[in-house]
There are 2 protein chains.
Amino acid sequence: MTTLKDVAKKSGVAVGTASAVINNKSWVSEKTRQRVLQAIKELNYQPNQLARNLRTQRTNTIGVIVPDITNPFFPQIIRNIGALAHKYGYSIILCDSNEDYQLGIEAFHVLLDKKVDGIILIGGVVPKRELVKYLDKKHPLIVVIERDYGIPEIATVVVDAIKGGYLATKHLLDLGYNKIGIITGPLDDDDFYRGSFGRYEGYKKALEEYKISFNPEIVKQGDFSLNGGYKAMKQFLENNSQVQAIFAFNDLMAIGAMEAIKEKGLRIPEDIAVVGYDDIPEASYVFPTLTTIRLPKAQLGRMAVEILLNHTKKKPEFSIKKVLPLELITRQSCGAPLKLKSNLKWRY
Amino acid sequence: MTTLKDVAKKSGVAVGTASAVINNKSWVSEKTRQRVLQAIKELNYQPNQLARNLRTQRTNTIGVIVPDITNPFFPQIIRNIGALAHKYGYSIILCDSNEDYQLGIEAFHVLLDKKVDGIILIGGVVPKRELVKYLDKKHPLIVVIERDYGIPEIATVVVDAIKGGYLATKHLLDLGYNKIGIITGPLDDDDFYRGSFGRYEGYKKALEEYKISFNPEIVKQGDFSLNGGYKAMKQFLENNSQVQAIFAFNDLMAIGAMEAIKEKGLRIPEDIAVVGYDDIPEASYVFPTLTTIRLPKAQLGRMAVEILLNHTKKKPEFSIKKVLPLELITRQSCGAPLKLKSNLKWRY
DNA sequence: AGTCATAATTGAATCGTTTCAATTTACATT
DNA sequence: AATGTAAATTGAAACGATTCAATTATGACT
């Protein structure tokens, strides 16, 4: 291993000077700079990052925790985080909490241990109570995507989830569906609906606007997974709940719900319409294609990185919160309900 | 920041002893061990990993490079790598090369720079010529998943891809399809078919067995992406190539091909049958569901980690290669061709 | 030539651990 | 009590960079 000392010796300067060249401090004379550069090349010297990390207490690494890497929504965000971070010379340590708070907390501590320069939390991967414990201490900057903990020291990048929930529900109401079941995220002790709260509020707001009373019996809890959506939908179907449409709080659950509906021999949207949330790529190639709320995935990721790296030297003294826009994407899984259309019976 | 020195002072021992306690070396007496532990607790001491890393030249980190994190095949592997690594106290630095050799090479160098304890390459993310450059130098252990570079110093975990290609093709041949087009991975200057070579061989082997001559005109190059599959299929359809079935070298391209086929108003499998490769979750919920070759994704990931961590202290002196089993999963996208079935015309 | 400000350079201290040769302690044996 | 051996403990030297106060060189100006 060749070290800075070797470089210094070879080029006949002090290690401090060699270091200055590497970090191109302006005060090194051109002559010595060239000499050092030459030695670096000849010795094929690579600075040891570990020594650098120890001395500077920085790692050029940011930690990312995602709730479920197999949910196609997240890779889209991760890709953008990774690409932008790379551009700025940072790497990412990725942790998958598998929708499990315990794993999320563990991951959080690992990242603190590793002295990452910043942490990006995607979704509600760490419970609020755990997070607040670390705010008084010297902690790396934390940015949360798609979850608003309401903690001023933590930067937040979200979409207007209430509007999202509202748009999805309103779309169904406008088409004539009155009994709209919802499949939410996991209910939680101290973090209500794990951040799917906004969608929930939006749903209720739309109902209110259309003077339809909220019916808690057609609210089922999911877990943001395909299977969770499938199972929740099964409950709707078995309970003879008579729902005319379903608003699933993410696309994966929507697709799971569609599986259950098709399995039962019912048609989408003629018998039951479905709306999702996220707009993952799959939404446009499942059958029928899924109407959903599109989140700006690339922007969410990039914005989080921008915020993090802009404040990595010194913490911002004001609280940061960005709200990004979302939009309704209309596809096949919604349509006017049967009674308003032809009465033709046809099964898959 | 409280350091080991503080702990040592507080408990009245030398720092060497305190260090020994932390790394629970057996020769520390129970009495002093307790004293040190007590001090650690009272001071709420956390060892500084960066100092540790520098001193030991180890980081408890493994680097992972994937070709495309938005391809659902990879998150399944990543999850398993991450989970097992975490269990053994390791974190992963994830790099997404976006199917771009240049980015793959950059990622590789970043990982070497960061002094990761090992590197897992998934698929052909780094060209062979780049890899061999680093074999004479002191490099971390490298394990490659789903790609056989044929370099003894590099550990390899693959499936029997020739068998995979063979099974997929044979299945179609058995159903009566004779003209089977294929959509391969990217053709490459120095890395032929970027590791999709095995599937290609298997395809040819099956044809041979059925005495069907190989026709290079029905071989199209894809890029392992949905869109790549879509475009390749378009070519087949526009060229009036008369293919009766398609074997796409991964599921994503197969799904893309299905989109093109459906868009053209043709039926699957009645007009054109499709087989994929990987068995991503989507294969079972697209329409029609996709017949494919299932790869043991969890096992691939876990095996790579096992190999890496078993040899992280000292390099193995023999070359390691594991071949895992795969299987054909039959779903709706294949069936006997039209002439052998009913002649009913029906379009989507 | 002398003075002074500025530009370059030096090298020891530091970051916080682990490691290991040297030393001390404890205890059994004669 | 002396001796020998094994068990505990010590603390200085690494690991390889960055930082910064101190020093030296350079050149402009009188």
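Below, each value reflects all heavy atoms present in this structure, side chains not excepted, and no hydrogens, waters or symmetry copies. In the text below, chain A, chain B and the rest are named by the order of the sequence lines, each starting its count at 1.
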Minimum heavy-atom separation for [X] and [Y], please, with both atom names.
| X | Y | result |
| --- | --- | --- |
| I77(A) | K297(A) | CG1-O, 3.8 Å |
| G123(A) | Y149(A) | O-OH, 4.3 Å |
| S11(A) | A39(A) | CB-CB, 3.8 Å |

### Query
Quick one: salt bridge (Lys or Arg N to Asp or Glu O under 4.0 Å) pairs with a partner in residues 13-37 of chain A, sequence neighbours left out?
E30(A)-R33(A)
### Message
According to salt bridge (Lys or Arg N to Asp or Glu O under 4.0 Å), does anything in residues 47-56 of chain B pair up with another residue at least two apart or in another chain? List the pairs.
### Response
none
### Message
What's the closest nucleotide to the side chain of R52(B) if the choices are dT19(C), dT18(C), dG16(C)?
### Response
dT18(C)
### Task
Round to a whole Å and report the spacing from CD of E30(A) to C1' of dA8(C).
13 Å
#### Entry: Value in whole Å for how far the P atom of dT19(C) lies from CG of L54(B)
12 Å
When rounded to the nearest 0.5 angstrom, what distance separates [atom1] in [X] from [atom2] in [Y]?
| X | Y | atom1 | atom2 | value |
| --- | --- | --- | --- | --- |
| M303(B) | L308(B) | CE | CG | 13.5 Å |
| E130(A) | Y101(A) | CD | OH | 11.0 Å |
| I81(B) | L300(B) | CD1 | CG | 9.0 Å |
| L84(B) | R302(B) | CG | CZ | 5.0 Å |
| Q299(B) | I145(B) | CD | CD1 | 11.5 Å |
| Q49(A) | L50(B) | CD | CG | 12.0 Å |

### Pairs involving residues 108-148 of chain B, ordered by first then second residue, that meet ring-ring contact (aromatic ring centres under 6.0 Å, His included) (sequence neighbours left out)
F108(B)-Y134(B), H109(B)-Y134(B)
### Task
Please name all residues satisfying side chain to side chain contact (heavy atoms under 4.5 Å, CB included) with S319(A), sequence neighbours left out, ordered by chain then number.
P152(A)
## Note on the structure
Sorted by chain and number, sequence neighbours left out, side chain to side chain contact (heavy atoms under 4.5 Å, CB included) with K9(A) holds for none
Can you give me every donor-acceptor pair (side chain of residues 59-70 of chain B, partner residue at least two apart or in another chain, under 3.5 Å) with its distance?
from: T59(B); atom 1: OG1; to: K115(B); atom 2: O; distance (Å): 3.0
from: T59(B); atom 1: OG1; to: D117(B); atom 2: OD1; distance (Å): 3.4
from: T61(B); atom 1: OG1; to: K114(A); atom 2: NZ; distance (Å): 2.9
from: T61(B); atom 1: OG1; to: T59(B); atom 2: O; distance (Å): 2.9
from: D68(B); atom 1: OD1; to: R79(A); atom 2: NH2; distance (Å): 2.8
from: D68(B); atom 1: OD1; to: T70(B); atom 2: N; distance (Å): 3.0
from: D68(B); atom 1: OD1; to: T70(B); atom 2: OG1; distance (Å): 2.7

### Message
Less than 4.0 angstrom between a side-chain N/O of N48(B) and OP1 or OP2 of dC15(C), yes or no?
### Response
no
### S19(B) side chain near dT18(C) phosphate (N/O to OP1/OP2, under 4.0 Å)
yes
### Query
Do L4(A) and Y45(A) come within less than 4.5 Å of each other through their side chains, counting heavy atoms only?
yes
### Close side-chain approach of I78(B) and D96(A), heavy atoms under 4.5 Å
no
### Task
Using heavy atoms and a sub-4.0 Å distance, could you list which residues of residues 2-12 of chain B are near DNA chain C? By number, please.
T3(B), L4(B)
### Task
For DNA chain C, determine which residues of residues 31-39 of chain B have any heavy atom closer than 4.0 angstrom to one of its atoms, and list them numerically.
none
### Query
At under 4.0 Å between heavy atoms, what does Q49(B) touch on the DNA or RNA strands: base, sugar-phosphate, or nothing?
nothing
### Message
Once you apply a heavy-atom cut-off of 4.0 Å, does N53(B) come out as touching a base, just sugar-phosphate, or nothing?
### Response
nothing
Could you list all N or O pairs between the protein and nucleotides 5-7 of chain C that sit under 3.5 Å apart?
none

### Task
Hey, which sits more toward the 5' end of DNA chain D by its nearest nucleotide, N23(A) or T56(B)?
T56(B)
### Query
Residues from residues 108-116 of chain B sitting under 4.0 Å of DNA chain D, heavy atoms only?
none
### Task
Using chain B heavy atoms and a threshold of under 4.0 Å, write down where along DNA chain D the contacts begin and end, 5' to 3'.
dA8(D) to dG16(D)
So which protein nitrogen or oxygen atoms get under 3.5 Å of nucleotides 11-14 of chain C's nitrogens or oxygens?
from: dT14(C); atom 1: O2; to: R55(A); atom 2: NH1; distance (Å): 2.6

### Query
For residues Q34(A) and Q38(A), is any side-chain donor paired with an opposing acceptor at under 3.5 Å?
no
